[in-house]
J.: 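I'd like to ask some things about the structure below.
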Amino acid sequence: MTERREAPDAPAARPLDDLIATRREKLERLRAEGVEPFPHAFAGVEPIAAVRAAHADLAAGEETEARHRVAGRLIARRDAGGAAFLDLADRSGRIQLHARADLLGDERFARLVGLDLGDLVGVDGAAFCTRRGELSLRVEDFAVLAKSLRPPPDKHHGLADVETRYRQRELDLIANEDVRALFVDRARLVSGVRAYLDGEGFVEVETPVLQPLYGGALSRPFRTHHHALDRDLFLRIATELYLKRLLVGGLERVYELGKDFRNEGLSPKHNPEFTMVEWYEAYSDYSDQAARLEELVAAAAERLLERPPRVTVTPPWRRVTLREAIAERTGIDVLEHRDRGALVAAIEGAGLDLAVSERTWPQLVDDLLTKMVEPTLQEPTFVLDYPVELSPFAKAHRSQRGLVERWEAFVGGVEIANAFTELNDPDEQRRRFEAQRAEAGAGDEEAQPYDEAFVRALEHGMPPTGGVGLGIDRLVMVLTGRRSIREVLLFPAMR
RNA sequence: GCCGCUCUAGCUCAACUGGUCAGAGCAGGGGCCUCUUAAGCCCAAGGUUCUGGGUUCGAGUCCCAGGGGCGGCACCA
């Protein structure tokens with residue numbers, strides 16, 4: 001188990017202590033020999049992948065005079081008396097080093113071979129290809145760049161213990177190359193999202209994370225306290241309301257990519273802090289934004305290094321109304337059962353495994369979607385046109401009474417995005433807040449608080465606008481085939 | 001919050017129904033080896049079996065409580 005749970009007065013003489021003691025002895029030996037185990041820098045390093053690329057066509061047994069300087073972590077050693085092979089890894093890859101006592105001299109050879117797995121080492125050497133065809137560097141000079149004082153995970157089996165992988169992600173990254181690749185891909189995906197939006201004329205903005213009033217989504221917030229102001233603040237649950245005020249201000253196309261915080265349970269799909277990009281585009285509606293999302297995801301997915309992609313996200317995606325989607329799976333037309341009693345009867349008549357007690361009509365519709373439909377939506381799909389009760393910020397549907405112009409996008413059975421034709425009628429917005437206030441009064445802790453500053457902004461006039469919220473963590477999940485959000489977060493929330 | 005599963009050496013894993021069951025590989029230590037690549041060979045070492053109780057002649061194994069992790073439910077995106 002992790003060390004933080006060990007008693008501070010734990011008895012000595014555990015094997016781990018011996019391993020650490022041995023490494024510390026080596027550290028002191030280096031110092032005694034005049035070698036600085038933690039130097040300040042090592043200039044002129046080339047990525048290992050670049051060295052590989054430069055000698056991709058080298059034949060087995062071929063030697064070169066091409067000298068390269070690389071640096072990285074020592075991950076394996078095969079010692080053979082007067083010579084040794086060492087494997088060095090950097091972020092771009094790994095390369096074999098060949099050390100020979102007759103080239104380095106006995107003392108330096110012994111020092112190199114005496115290094116521990118996990119030590120950071122810099123090397124100068126000439127590229128050659130072994131008889132078995134492995135590109136290698138013949139070590140001509142080397143430097144200890146940082147001494148490692150703890151044993152690394154198993155060089156072959158890696159690190160498998162899930163708890164250790166998440167709590168000590170650095171060890172996961174050291175031991176598991178696919179994890180390293182995943183987070184590089186995540187970064188490239190985020191960069192692809194920004195590149196797409198920047199290219200379409202969107203302005204990236206930053207709005208408050210600490211808010212006097214939270215809003216823009218249905219969730220319990222985290223609460224904190226500002227001491228100088230002696231005032232409670234909330235961590236944002238969405239960027240929606242501030243971004244729409246920027247639309248009022250005339251920025252026309254804005255986006256924000258950052259963390260939201262929701263005080264809800266944890267699950268393979270939920271982390272209390274998560275990354276969301278929201279964008280708002282003046283003079284567009286939810287249909288335009290569906291096309292935007294398709295384009296954006298397809299463009300961002302192109303950035304992934306991992307091939308082939310785990311899912312096909314090439315546009316166009318399937319579009320289905322919420323009513324059709326539920327009817328397809330359950331045979332129930334929710335719009336034919338517009339009150340709670342009728343819908344309950346239909347659900348019970350269909351023999352569905354769904355708890356109906358204490359659920360309102362809109363909640364039952366949402367349950368049908370979430371439980372019966374969502375898991376089946378593997379191919380990218382837009383589900384359109386939701387009941388107004390579930391969507392306090394969406395504009396009424398232009399032709400369907402009781403519905404709003406809203407869609408959610410699903411990929412791999414996971415909801416990745418949510419969008420509306422944004423409500424810009426301040427009086428209607430005020431009525432929606434009143435309805436939410438009634439829900440809050442009735443004990444719904446996730447109901448929207450009334451945001452007067454937002455309504456007042458709308459009174460100045462917000463252009464007709466389409467807006468989208470896209471969950472970055474979930475997008476990474478579905479594009480890389482990871483089943484848990486914890487796999488795509490570097491440091492997921494742990495108890 | 002509730003339910004189920006799980007926790008053995010630094011790492012990866014063994015130990016049939018309670019009975020030489022505290023074991024292996026890797027890593028680490030000592031030795032041999034100048035083209036190996038999960039290098040190889042020889043030697044020695046390494047344990048609070050998550051923690052605390054209990055049952056039993058005997059507990060890694062069964063029971064209870066606690067802790068962590070994973071999954072499900074509830075809640076949510």
Side-chain angles (χ1 to χ4, degrees), chain A residues 1-7 10-11 13-23 25-26 60-61 75-87 94-104 109 113-114 116-118 128-136 138 150-167 171 174-175 217-220 237-238 260-272 274-276 355 358 363 366 370-371 374 408-410 414-418 444-446 469-475 477 483-486 492 494-495:
Chain A
M1 298 293 90
T2 62
E3 287 162 273
R4 65 186 183 81
R5 264 180 271 119
E6 287 170 12
R14 287 169 310 177
L16 176 59
D17 295 330
D18 294 340
L19 294 174
I20 292 172
T22 303
R23 284 172 177 252
E25 282 163 19
K26 291 189 183 184
I75 58 170
R77 174 181 46 236
R78 296 171 293 283
D79 185 358
F85 290 96
L86 307 155
D87 291 343
R94 63 163 65 186
I95 194 163
Q96 177 170 269
L97 310 174
H98 190 211
R100 289 169 44 170
D102 56 358
L103 295 181
L104 286 167
F109 177 79
V113 172
D116 287 311
L117 298 192
F128 75 104
C129 197
T130 66
R131 286 174 211 152
R132 304 230 181 141
E134 171 102 15
L135 178 66
S136 308
R138 178 148 291 144
R150 287 179 178 272
D154 188 280
K155 70 177 180 182
H156 180 248
H157 296 97
L159 181 65
D161 181 73
V162 174
E163 181 173 3
T164 309
R165 288 186 49 232
Y166 295 162
R167 286 194 196 275
L171 298 184
I174 287 171
L218 304 177
S219 174
R220 294 176 63 181
I237 60 173
D260 288 343
F261 307 85
R262 299 190 184 175
N263 209 338
E264 307 280 1
L266 284 66
S267 87
K269 290 180 184 175
H270 300 87
N271 196 67
F274 63 103
T275 303
M276 173 106 111
E358 312 259 324
Q363 286 173 330
D366 195 49
T370 305
K371 304 254 187 330
E374 182 171 326
E408 292 183 305
F410 299 87
V414 176
E415 183 197 338
I416 62 163
N418 180 28
D444 184 349
E445 294 186 82
E446 289 161 4
L470 168 64
I472 295 292
D473 314 290
R474 289 188 174 179
L475 181 62
M477 279 174 67
R483 295 240 181 98
S484 169
I485 197 169
R486 297 185 189 102
M494 302 289 279
R495 188 176 291 266

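Throughout, protein chains are lettered first and strands after them, A, B, ... in sequence-line order, and every chain is numbered starting at 1.
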J.: Tell me, please, which residues at least two apart from Arg23(A) pass salt bridge (charged side-chain N to carboxylate O under 4.0 Å, His left out).
T.: none
J.: List, with names and distances, any nitrogen or oxygen atoms from the protein found under 3.5 Å away from nitrogen or oxygen atoms belonging to nucleotides 30-32 of chain B.
T.:
none

J.: Taking only residues two or more places apart in sequence or in another chain, which ones pass ring-ring contact (aromatic ring centres under 6.0 Å, His included) with Phe85(A)?
T.: His98(A)
J.: Please name all residues satisfying salt bridge (charged side-chain N to carboxylate O under 4.0 Å, His left out) with Glu415(A), sequence neighbours left out, ordered by chain then number.
T.: none
J.: Could you tell me which residues satisfy salt bridge (charged side-chain N to carboxylate O under 4.0 Å, His left out) with Arg483(A), sequence neighbours excluded, listed by chain and number?
T.: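 Checked Arg483(A) against salt bridge (charged side-chain N to carboxylate O under 4.0 Å, His left out); zero matches.
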J.: Can you list everything that forms a side-chain hydrogen bond (donor to acceptor under 3.5 Å, both in side chains) with His157(A)? Sequence neighbours excluded, please.
T.: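 Counting only residues at least two positions away or on another chain, His157(A) forms a side-chain hydrogen bond (donor to acceptor under 3.5 Å, both in side chains) with Asp154(A).
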J.: Test of understanding: with side-chain hydrogen bond (donor to acceptor under 3.5 Å, both in side chains), list the residues that count as partners of Lys26(A), not counting sequence neighbours.
T.: Asp116(A)
J.: Would you tell me if any nitrogen or oxygen in the side chain of Arg78(A) comes within less than 4.0 Å of OP1 or OP2 on A39(B)?
T.: yes
J.: Just to verify, what does Ser267(A) make a side-chain hydrogen bond (donor to acceptor under 3.5 Å, both in side chains) with, not counting sequence neighbours?
T.: His270(A)
J.: Output all residues satisfying side-chain hydrogen bond (donor to acceptor under 3.5 Å, both in side chains) with Thr130(A), sequence neighbours left out; order by chain, then residue number.
T.: none
J.: Any protein N or O atoms within reach of nucleotides 3-6 of chain B? Criterion: under 3.5 Å, listing atom names and distances.
T.:
none

J.: Atom pairs under 3.5 Å, N or O on each side, protein against nucleotides 22-26 of chain B: can you list them with distances?
T.:
from	atom 1	to	atom 2	distance (Å)
G25(B)	N2	Asp154(A)	OD2	3.2
C26(B)	O2	Asp154(A)	OD2	3.3

J.: Confirm from the modelled atom types if Glu134(A) and U36(B) form a donor-acceptor pair under 3.5 Å, side chain to base only.
T.: no
J.: I'd like to check the salt bridge (charged side-chain N to carboxylate O under 4.0 Å, His left out) partners of Lys155(A); sequence neighbours left out, ordered by chain and number.
T.: none
J.: Can you tell me if the side-chain N/O atoms of Arg167(A) get under 4.0 Å from OP1 or OP2 in G69(B)?
T.: yes
